2 protein chains.
Amino acid sequence: MDDLARHLGLSRATVSFALNGRTDVRISEATRARVVAAARELGYRPHAGAQSLAAQRTDLIGFVTDIPASPFGGGIIHGAQAAAWRRHKLLLIVSSEGDPEIEATGVEMLLDRRVEGLVYATQMHRVATLPAAVEAVPTVLVHCTSDRPGAVSVLPDEVEGGYAATRRLLAAGHRRIGLVNLAAGLPASTGRRSGYERALTEAGLELEPALVRQGDATATTGYDLAARLLDLADPPTGLFCATDRMAMGAYDAAKERGLRIPEDVAVVGFDNQEIVAAYLRPALTTVALPFAEMGVAAVEMLAATAAGERVLDRTLTGRLVERASV
Amino acid sequence: MDDLARHLGLSRATVSFALNGRTDVRISEATRARVVAAARELGYRPHAGAQSLAAQRTDLIGFVTDIPASPFGGGIIHGAQAAAWRRHKLLLIVSSEGDPEIEATGVEMLLDRRVEGLVYATQMHRVATLPAAVEAVPTVLVHCTSDRPGAVSVLPDEVEGGYAATRRLLAAGHRRIGLVNLAAGLPASTGRRSGYERALTEAGLELEPALVRQGDATATTGYDLAARLLDLADPPTGLFCATDRMAMGAYDAAKERGLRIPEDVAVVGFDNQEIVAAYLRPALTTVALPFAEMGVAAVEMLAATAAGERVLDRTLTGRLVERASV
DNA sequence: TTGTAAGCGTTATCAC
DNA sequence: GTGATAACGCTTACAA
């Protein structure tokens, strides 16, 4: 910048004003144009690090996650980066692979870089143990909660999701709807089930415990649970599976029994794992969790916090993706 | 650091030396210990930005991709971050969603931050058009190539992958092996096919054009192509599908014909899309592309370039993941 | 409308 | 062993 100023016969201050397009200081249009032209010509590139140091802001947001290598993690990263982009900020990433030591050291490194906020995203909807150092900077948790005061969370609305899935089956005329659920105790399991129950109750149907089964998230379990439901004396005609993988298993159970989907039994999944849902035959109607939106929300909440607003936990609603299994 | 120095009655220089554990300058052990203790006590945190400015290095690597939200992108990010971590560097991420304008502006922003290198990762194995600005800094392409001089690439070894998949079927005793391939022209398609052909030729088998079909990467196409192969007068007993999604379709074609996997027809996929491969019934034997390793390699190549070494394109071999479909 | 000069928080070179 | 002092590349009061 010094070279530029000398080249133009101006002071560094003037060049800085002109380049930053500041309106609170009067610079003649002619001068501004000369400066900009010279900057381009000489290939001048402002040094963001030096700007940070002088201006006392870094435009950097820290992103810590245990899972970049999943559709979930990637989606959040993408949303967060897009939102940061709009604010002319960049994302500094640490992926911990769940290792608490990497996590703690990573947070330290990010704080050394003076990130203006921290996004902490986890693979599973769970309670997270944050390194103590995060207190130093506004933090938003994604897909998890923490007892640490001041940390706010962005969570998917499991209840609404379960409700939407079940409503879809009801709308298609189904009256006996089975739930192939995740193991009890998980927020995802509890939430999806209460959405399911709310929808049935609203439709004036009675809750039948025999129609609700639970197990782990695998296709094998989905197969077993769905098989038991379909083998009931009065089997369900609709199946809400709490994950797409479980729905995959349910497909097999149905096919083995000669049941056509959706004619004989309709299936709704959860997660919208593109690879599974879109390519299952028939394609799976399922609930998409708002990954990218959660990333966007996290960065926006960080910005709001920085602006002095009080920020509360947020819950984001998924979206029913209609395909051909209902 | 000034406060610390004053608090200790030392100069800033001494504090800096002590904290950085420098051996080229003599500091008494006692002084060093005092400084470190005081730093901890006062909660002193070095300012990485200021260090960068003074030391003329940023320890920052730029990462531009069109696809964080895929297992592929996430895997590369994870590998790159892990490799950067070992070198005490951090990753600055821009996800372009394929938009050339975001890409170009993003690269500019990264250069403004004085990243020490750039990783450019694409979703599809393809030829990329890089913004001109990347010339300013060492660049490694991942999963793509460029005509720009000086840019090196990290690519998956498609031929080896096709070879390994076919060898697995041969090892299981199959002599008629069908290839459900991607559309012609793609590096993935050409490479996997030549691996397939090499394996067959080495085994002394003749190449039968009728056993090779191609189409797009979907399960539907996989179904169609596999169906045609299985309906041949002399059908193959083994199927190598160029993507796991295609293998998913092939499973359906086999099941519809009452063929058991792997007893009546064995299947090998490609990609190791966990969600599909691990949960297909039976679980799919497939070739895993080395995503994370590619990210690691990219960062290591950047480091080597920075160290003045001459770096060449690298090709990384995948790994056969044995499950139950052969 | 432009210039001067004092930071911003470090590292690095010397001299002592 | 330690301390001055000058960078590093910018922003920003304040003066002119």
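What you see is a predicted model; the values in this text were computed from it and never measured. For the numbers below, each heavy atom of this structure counts, side chains included, while hydrogens, waters and symmetry mates do not. Residue numbers begin at 1 in each chain, while the letters A, B, ... track the order of the sequences.
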NA contact type, [X], heavy-atom cut-off 4.0 Å: base, sugar-phosphate, or nothing?
X        : result
B/Asn20  : sugar-phosphate
A/Arg22  : sugar-phosphate
B/Arg57  : nothing
B/Arg114 : nothing

Please state how far atom [atom1] in [X] lies from atom [atom2] in [N], giving the value in whole angstrom units.
X        : N      : atom1 : atom2 : result
B/Asp3   : C/dC8  : CG    : P     : 11 Å
A/Arg32  : C/dT1  : CZ    : P     : 10 Å
A/Glu29  : C/dT2  : CD    : P     : 11 Å
B/Asp59  : C/dT10 : CG    : P     : 15 Å
A/Met1   : D/dC8  : CE    : P     : 15 Å
A/His47  : D/dA7  : NE2   : P     : 17 Å
A/Asp112 : C/dT10 : CG    : P     : 10 Å
B/Arg12  : D/dG1  : CZ    : C1'   : 18 Å

Side chain of B/Ser96, backbone of B/Gly98: donor and acceptor closer than 3.5 Å?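 Here the side-chain-to-backbone pair exists.
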Indicate yes or no for a side-chain donor-acceptor contact from A/Thr31 to the backbone of A/Ile27 under 3.5 Å, with no hydrogens or angles considered. no
Single hit among B/Val119, B/Leu118, B/Val115 for side-chain contact (heavy atoms from CB on, under 4.5 Å) with B/Leu302: B/Val119
Candidates B/Asp2, B/Val35, B/Asn20 - the one meeting side-chain contact (heavy atoms from CB on, under 4.5 Å) with B/Val15: B/Val35
So, is [X] near the phosphate of [N], with a side-chain N or O under 4.0 Å from OP1 or OP2?
X       : N     : answer
A/Gln56 : C/dC8 : no
B/Thr14 : D/dT2 : no
A/Ser52 : C/dC8 : no

Closest non-hydrogen atom pair, A/Gly21 against A/Arg32: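 That closest heavy-atom pairing would be CA-NH1, 3.2 Å.
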Judged by each residue's nearest nucleotide on DNA chain D, which is more toward the 5′ side, B/Ala55 or B/Ser28? B/Ser28
Heavy atoms from C-beta onward define the side chain here; which of [options] lies closest to that of [X]?
X       : options               : answer
A/Ser11 : C/dA12, C/dG9, C/dG3  : C/dG3
A/Ser16 : C/dA12, D/dG9, D/dT11 : D/dT11
A/Thr31 : D/dT11, C/dT1, C/dT11 : C/dT1
B/Ala13 : D/dA4, C/dT11, D/dT11 : D/dA4
B/Phe17 : C/dA12, D/dG9, D/dT11 : C/dA12
A/Gln51 : D/dT5, D/dC10, C/dT2  : D/dC10
B/Leu53 : D/dG3, D/dG9, D/dT12  : D/dG9

A/Gln123 vs A/His143, test: side-chain hydrogen bond (donor to acceptor under 3.5 Å, both in side chains). Steps then yes/no. CA-CA 7 Å; A/Gln123 173 160 35; A/His143 216 195; over 6 Å; no
